[in-house]
Every structure is written in structure tokens, then in C-alpha cells.
2 protein chains.
Amino acid sequence: MSENKTTLTDAVHDLLRKAIIEQALKPGMRLPEDTVGEQFGVSRTIVRHALVRLEHEGLVVTRRNRGAFVAEPSRDEAQHVFEVRRCLENDVIRILCERMPPSGYDRLEAHVRQEEAVKGKDGPVSIRLAGEFHVLLAELTGNPVLTRYVSEIVLRCSLIMSLYARSHSSDCAVDEHSQIIDAIRAGDAPRAIEIMEHHLGAVAGRAEFSAPPDSIQFILSHYGKELAQ
Amino acid sequence: MSENKTTLTDAVHDLLRKAIIEQALKPGMRLPEDTVGEQFGVSRTIVRHALVRLEHEGLVVTRRNRGAFVAEPSRDEAQHVFEVRRCLENDVIRILCERMPPSGYDRLEAHVRQEEAVKGKDGPVSIRLAGEFHVLLAELTGNPVLTRYVSEIVLRCSLIMSLYARSHSSDCAVDEHSQIIDAIRAGDAPRAIEIMEHHLGAVAGRAEFSAPPDSIQFILSHYGKELAQ
DNA sequence: CGCAACAGGATTGTATCCAATTGACGGGCA
DNA sequence: TGCCCGTCAATTGGATACAATCCTGTTGCG
């Protein structure tokens, strides 16, 4: 490894997280410690620390003496995550309607312009930007704790969408982002919340009832629940 | 160690967390890996894993090549934590007003009775129960993600209170807990939220303007700001 | 007398090593 | 033929060893 600016654990942690949300590592995929370590040129110790963090963030799950896997949230879990996301983002809006920092709108509008620029190309960049808009909103509250929770939740939502949605293309409608900005600027919290609810509801809804026809787990989930322990 | 039911890391993690919120380990105190490991009869590896988690939970901070310390949240940080707590607990109330599980009120009232039982004795039990009431509220939403965030935040608040409040005695007024239950039962979300805001606001407010007279950092913060680099 | 460079000790960051648990495969038995 | 149990490989859980970094006390020089 080249840069020592941060600790190796941080680097591996970031890399793995990025790989997961970019779907390079698909949900359910195994993450053997020595394989990962070998790949990045670090020892198992480092990988383990990174995996501990990722587990805490809900992006991987570990089973005792079995190893780590990319998280594969159930539909229930997904719904819980989305519920918390709605709560947190509504809280963000309420706070922003009361205290938006001076440069806030400029930064938001710049971000939206950036989103529009890559609107056509449905690449990972579009997905990343869509998530970052929501994180930016949280950042503007000036509350790092809130920002952190929102970031975590948004990441988990990305993972969930990659599992259950058919396509990411219309993941976040850019014009809705603009509408939210406008509502906040007008200090109209209820309207901003309404738009946000619709915005997230559409995303969650699209994911929820799109059944993965080729998922073994889904097909078997109605049979022999007790055998699956 | 005797029991292998869970992993050693979990055990150390729990023990340290308990020690921190019970103020056995005071904020700012160093946590050398060797010392802790020696004390619990485990290796540094384990302690390290536990510390990583605790850092993620905001209960300890680690500085590169300096080691881990029990977190010593600044006033700003404290305010941020309390803001998020208000947000989360209000969300909990909104959810509970819509869907309270059947046995919910029984469990809540049983808890309040327990609190009243130890009301007089101002021990660690009282502190723990006060926190657990709020966690119980979160649990009743049936949303594990939300529950986890609330637990984390409540723990951090305990740490903050131990830093900034003069006394824990009237930490959580038990009758306010009862009022909150009543308001939720009536389905009156605004009132429940109002009480909760008052409840938490009182706690935060009490903490905010109580200056810690023995804090070196605080005393020196007004002198020679430029020398402290 | 004060400041800066240096050496020593202590502590963390990382790698390697051993042990324990798990899942799988294959042979034996009903 | 089908189920059960023993052995084995694979992988993680945990401990120790080595290297790098930082703090601190001391010493030398201006």
C-alpha cells in the first residue's frame, strides 16, 4: 500500500464499502478474510477490523466460525431500514427549514446541476450522486451525528435497492430533489416532508413488490420455514 | 474466561460499555490495550476489536498511535447528540401512536412501576432503568434498526450527563414517563411529543449550563487559545 | 536560563502462528 | 438404499512477536 495518511484498516474499510454499494460484491457473497487480505496485500488482522466495522454498519453479516458475508437484508429488514430513513430525512428537513446555512442553497443547487449533467448515462456515478444528495442535506444541518446516521442508512438503502429493485435508472428523480429544495427555501416543512415521503415511498414501493423470480430464498420462504432454522 | 456462549469480543465489549456508563471509567480516561486485556485475561486482539466497536458507538475515541480514551464529548457534540435523540424519540412516538403492539402498555406500565420502586435510592439502577424506558419505547415500534439507534443515542446521553450534569438524581422524572404513556394511549402524538421534548429538554438544559469546575480544558479554553495550537 | 535536539521507554499498528469450530465427504450399519 | 457417524480439510477465533510511532525526560548549546 502506498499512502499512510490513514490507517490500513480505514483504507480496506472504504474499499470494501465502495465495492459493496457498487454491486461489485453482490449480496450474499462470501468474504473470506485471507482472500480479501491477499487481494489488497494486507494481513487478515486488517481485514477483520474492517469487517467488524462493516458489520456494525449493517453492510455485512458474520456468522460464528463461518465468516463474513455481504448482507442480504430480508424484506422485513428492508422495510425497517426504509422506515428509519424516512424518519431521519424528515427530521433533517424540519431542521433545515429552521436553520439553513448561508451557502446551503448554492451547494444544493450545484449538486442538482451535477445530477442533471449525468442524468442520461445510467452509471454508478448517477447512483452515487443520488445518495450523496441526501447526505448533503444532512450535512447542512451542521449536526455530525445526524449526518452519520443518514449516511449509514442511505448506504444500506443502496444495498437494499441493489437487491430488490429491477433497475436503478429512475432511482432518485432529480426534479423531486429540486422540489424539495424549493419547499425548504419557502420554509414549508410539511410540503417538503410530503415530497420527501413521496420520493422515498416511490423508491421503497418500487423495491417492495418487485419479487425476484429467480431467488431461491424467496421461493422456498413459504415451504418448510422450520427446516431453514 | 468461562462461558463461551458468545464471543470473547462481545463479552469485553459489554463489560467496557457497562463500565463506561456506570462511570467506573470516567470520560477522558485512557484505555491501554495491554492493561485492559490483562485485566480481563484476554489478548490485545480482543480488546482492540471491542474498542473498535465502542468507537463506532461514540463511547470512546482513538487517536492514531495514542490509544483509546473514554469519549469526552464537547458541548457542541453533546448538543448534537441530544438533538438527534429528540428527533429519534419523537419519531418513535409518532410510530407508536399509529401502531402500538398489544402487550405494549402492560410492559411500559410494568417498567414505570419498577422505576417507582427504586425511586428513592439514587443508585446506578435508577439511571439504568431511566435509560431503559426510552429503549423500551423504541423496541415497541418493532423496528430493530430504530431500536439500535435509540439505544446508542441513549447510551451516549448517559455518558454526556455523567460529564456535564451535577447529579443524576432527577435524571428522568418518572411521572413524565407516565404522562407520555397516557398521551400515546390517547393517540395524541403532538402532546406526547411535547412532553417528550420537555422531558429531554429539561435534562439537556440542566446539563448545558452546569460548568465542570475541574475540567482543565474548560478552564484553559479562555486563556491563550493560540498557544494550545 | 530557555529552547531544541536526542535518546529511552511505552504503546499502538501489523504480521505471523497455533488452536478450535464448522461443514463436507465417505464409510458403516440398519 | 437411505440415514448416521467419524474423520478431514478449510476457515475463523485468539495469542504472540516484531516494527513503527509517539511521548517524555534529559542533555547540550546558544
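Here is how names work: the chains are called A, B, and so on, in the same order as the sequence lines, proteins then strands, and each is numbered from 1. The structure displayed is predicted, hence computed values, not measured ones. Heavy atoms only: backbone and side chains are in, while hydrogens, waters and symmetry mates are out.
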Next item on the list: Among C:dG13, D:dT16, D:dG14, find the nucleotide with the atom closest to the side chain of B:Arg48.
Entry: C:dG13

Next item on the list: Identify whether the distance between the nearest side-chain nitrogen and carboxylate oxygen of B:Arg107 and B:Glu139 falls below 4.0 Å.
Entry: yes

Item checked: Short side-chain N/O contact to D:dG14 OP1/OP2 from B:Thr7, under 4.0 Å -> yes

Check: In terms of the angle between their ring planes, are A:His199 and A:His134 parallel, tilted or perpendicular, with boundaries placed at 30° and 60°?
Finding: parallel

Next item on the list: Would you mind reading off the distance between B:Leu8 atom CG and C:dT21 atom C1', rounded to a whole angstrom?
Entry: 14 Å

Check: Looking at D:dT16, C:dT11, D:dT12, which one has an atom nearest to any side-chain atom of A:Arg30?
Finding: D:dT12

Check: Taking for each residue the nucleotide of DNA chain D bearing the nearest heavy atom, is the 5' side occupied by A:Ala68 or by A:Thr45?
Finding: A:Ala68

Next item on the list: Figure out the CD/P separation between A:Glu33 and C:dT14, and round it to whole Å.
Entry: 16 Å

Item checked: Phosphate OP1/OP2 of D:dG14: any B:Thr9 side-chain N/O under 4.0 Å -> yes

Notebook entry, point to check: Nearest to the side chain of B:Asp34, which nucleotide is it out of C:dT12, C:dT22, D:dA15?
Noted result: C:dT12

Notebook entry, point to check: In whole angstrom, what separates B:His49's NE2 from D:dA15's P?
Noted result: 11 Å

Next item on the list: Taking atom types as modelled, find out whether A:His177 and A:Glu115 have a side-chain donor-acceptor pair closer than 3.5 angstrom.
Entry: yes

Checklist line | Between C1' of C:dT12 and CG of B:Asn65, the distance in whole Å | finding: 6 Å

Notebook entry, point to check: Rounded to whole angstroms, how far apart are CZ on A:Arg64 and P on C:dA19?
Noted result: 18 Å

Notebook entry, point to check: B:Phe69 has an atom CZ; how far is it from atom P of D:dC22, in whole Å?
Noted result: 14 Å

Check: Any salt bridge between A:Arg85 and A:Glu89, counting N to O under 4.0 Å?
Finding: yes

Next item on the list: Check whether any side-chain nitrogen or oxygen of B:Arg44 sits under 4.0 Å from OP1 or OP2 of D:dT16, and answer yes or no.
Entry: no

Notebook entry, point to check: Does A:Phe133 reach the side chain of A:Leu108, with side-chain heavy atoms less than 4.5 Å apart?
Noted result: yes

Notebook entry, point to check: Is any side-chain nitrogen or oxygen of A:Arg66 closer than 4.0 Å to OP1 or OP2 of C:dG23?
Noted result: yes

Next item on the list: Output the single nucleotide from C:dA15, D:dA15, C:dT12 whose closest atom is nearest the side chain of A:Ile46.
Entry: C:dA15

